[in-house]
Amino acid sequence: MASALLLLLLLSLASAWSFSYQRDLIFNLDNGELCLQSVQCKSSCCYRTGWLRLARCAYRAAENQECSPKSIHGVYYKCPCENGLTCKANKTIVGSITNTNYGICQDPGSSSK
């Protein structure tokens, strides 16, 4: 009896696993889709415009756009920079907790400051 229940559980988990990857219901979400954490998004940015707004996957910040450094929350009010750029921001403990350490994306190889 226990082995039959275990087999049924394994089959249902395998079915749910394959379904979620085929349909991209949880991970690998496109920009504009609802998210709870940045790891769910293809862009690695789960973005919300305010406390009462739903978060959606969004493009990462380009050069000279406002950005947030990496967050412990997994949801941003300003997306982190695209690959190869750094977010020049004044980091504070309070800003890290409230997710308000905003800066500007800059190319680290560029001579402009």
Side-chain angles (χ1 to χ4, degrees):
M1 180 71 170
S3 61
L5 287 175
L6 181 62
L7 180 61
L8 182 61
L9 176 66
L10 288 175
L11 288 174
S12 63
L13 285 175
S15 173
W17 182 307
S18 66
F19 181 73
S20 70
Y21 281 106
Q22 286 176 354
R23 305 266 303 154
D24 295 333
L25 294 175
I26 299 172
F27 293 102
N28 207 22
L29 300 176
D30 289 321
N31 291 335
E33 293 188 273
L34 295 174
C35 55
L36 296 173
Q37 292 285 319
S38 289
V39 296
Q40 295 177 280
C41 304
K42 288 180 184 177
S43 65
S44 299
C45 180
C46 187
Y47 167 80
R48 83 172 73 203
T49 57
W51 278 92
L52 298 176
R53 301 284 181 147
L54 295 174
R56 295 184 179 274
C57 295
Y59 290 104
R60 295 176 75 172
E63 191 169 8
N64 298 321
Q65 289 185 335
E66 278 192 303
C67 59
S68 290
K70 290 290 184 184
S71 168
I72 59 172
H73 303 291
V75 177
Y76 296 95
Y77 293 106
K78 305 284 181 191
C79 285
C81 299
E82 294 174 338
N83 291 339
L85 301 176
T86 58
C87 187
K88 299 290 184 178
N90 293 328
K91 297 178 185 175
T92 64
I93 293 173
V94 173
S96 295
I97 294 169
T98 60
N99 199 10
T100 57
N101 284 335
Y102 303 137
I104 302 292
C105 288
Q106 295 180 350
D107 184 354
S110 147
S111 60
S112 64
K113 293 183 180 179

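Note: hydrogens, waters and symmetry copies are ignored here, and every other heavy atom, side chains too, is used.
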Specify the closest pair of heavy atoms between [X] and [Y], including all atoms of both residues, with the distance to one decimal.
X   : Y    : answer
C79 : Y47  : SG-CB, 3.9 Å
L36 : V75  : O-CG2, 3.2 Å
R53 : R48  : O-NH1, 3.5 Å
L34 : L29  : O-CD1, 3.3 Å
A89 : Y102 : CB-O, 3.5 Å

Original post:
Considering only the SG atoms, does C57 lie under 2.5 Å from C41?
Top reply: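 The sulfur gammas are closer than 2.5 Å, so yes.
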Original post:
Hey, is C35 close enough to C46 that the SGs sit under 2.5 Å?
Top reply: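 Yes; the two sulfurs sit under 2.5 Å apart.
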Sub-3.5 Å donor-acceptor pair from the side chain of [X] to the main-chain atoms of [Y], do we have one?
X   : Y   : value
R56 : G32 : yes
R60 : C81 : yes
S43 : A58 : yes
S38 : G74 : yes

Pairwise distance [atom1]([X]) to [atom2]([Y]) - rounded to 0.5 angstrom:
X    : Y    : atom1 : atom2 : result
T86  : D107 : OG1   : CG    : 8.0 Å
F27  : Q37  : CZ    : CD    : 9.5 Å
E82  : S44  : CD    : OG    : 12.0 Å
Y77  : W51  : OH    : CH2   : 4.5 Å
L54  : L52  : CG    : CG    : 10.0 Å
N101 : N90  : CG    : CG    : 8.0 Å

Subject >> Partner residues of E66 under the salt bridge (charged side-chain N to carboxylate O under 4.0 Å, His left out) criterion, sequence neighbours left out >> reply: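 For E66 the salt bridge (charged side-chain N to carboxylate O under 4.0 Å, His left out) partners, ignoring immediate neighbours, are K78.
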Subject >> disulfide (SG to SG under 2.5 Å) evaluation trace for C105 with C87 >> reply: CA-CA 5 Å; C105 288; C87 187; 5.4 Å; no
Original post:
Under 4.5 Å between side-chain heavy atoms, hopping through other hydrophobics if needed: is there a path connecting L25 to V39?
Top reply: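 Shared cluster, yes.
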Subject >> For D30, all residues meeting side-chain hydrogen bond (donor to acceptor under 3.5 Å, both in side chains), sequence neighbours excluded >> reply: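 D30 satisfies side-chain hydrogen bond (donor to acceptor under 3.5 Å, both in side chains) with K42 once adjacent residues are dropped.
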Original post:
Under a single-linkage rule joining Ile, Leu, Val, Met, Phe, Trp and Tyr whose side-chain heavy atoms are separated by less than 4.5 Å, which residues share a cluster with L85?
Top reply: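 Other cluster members: none.
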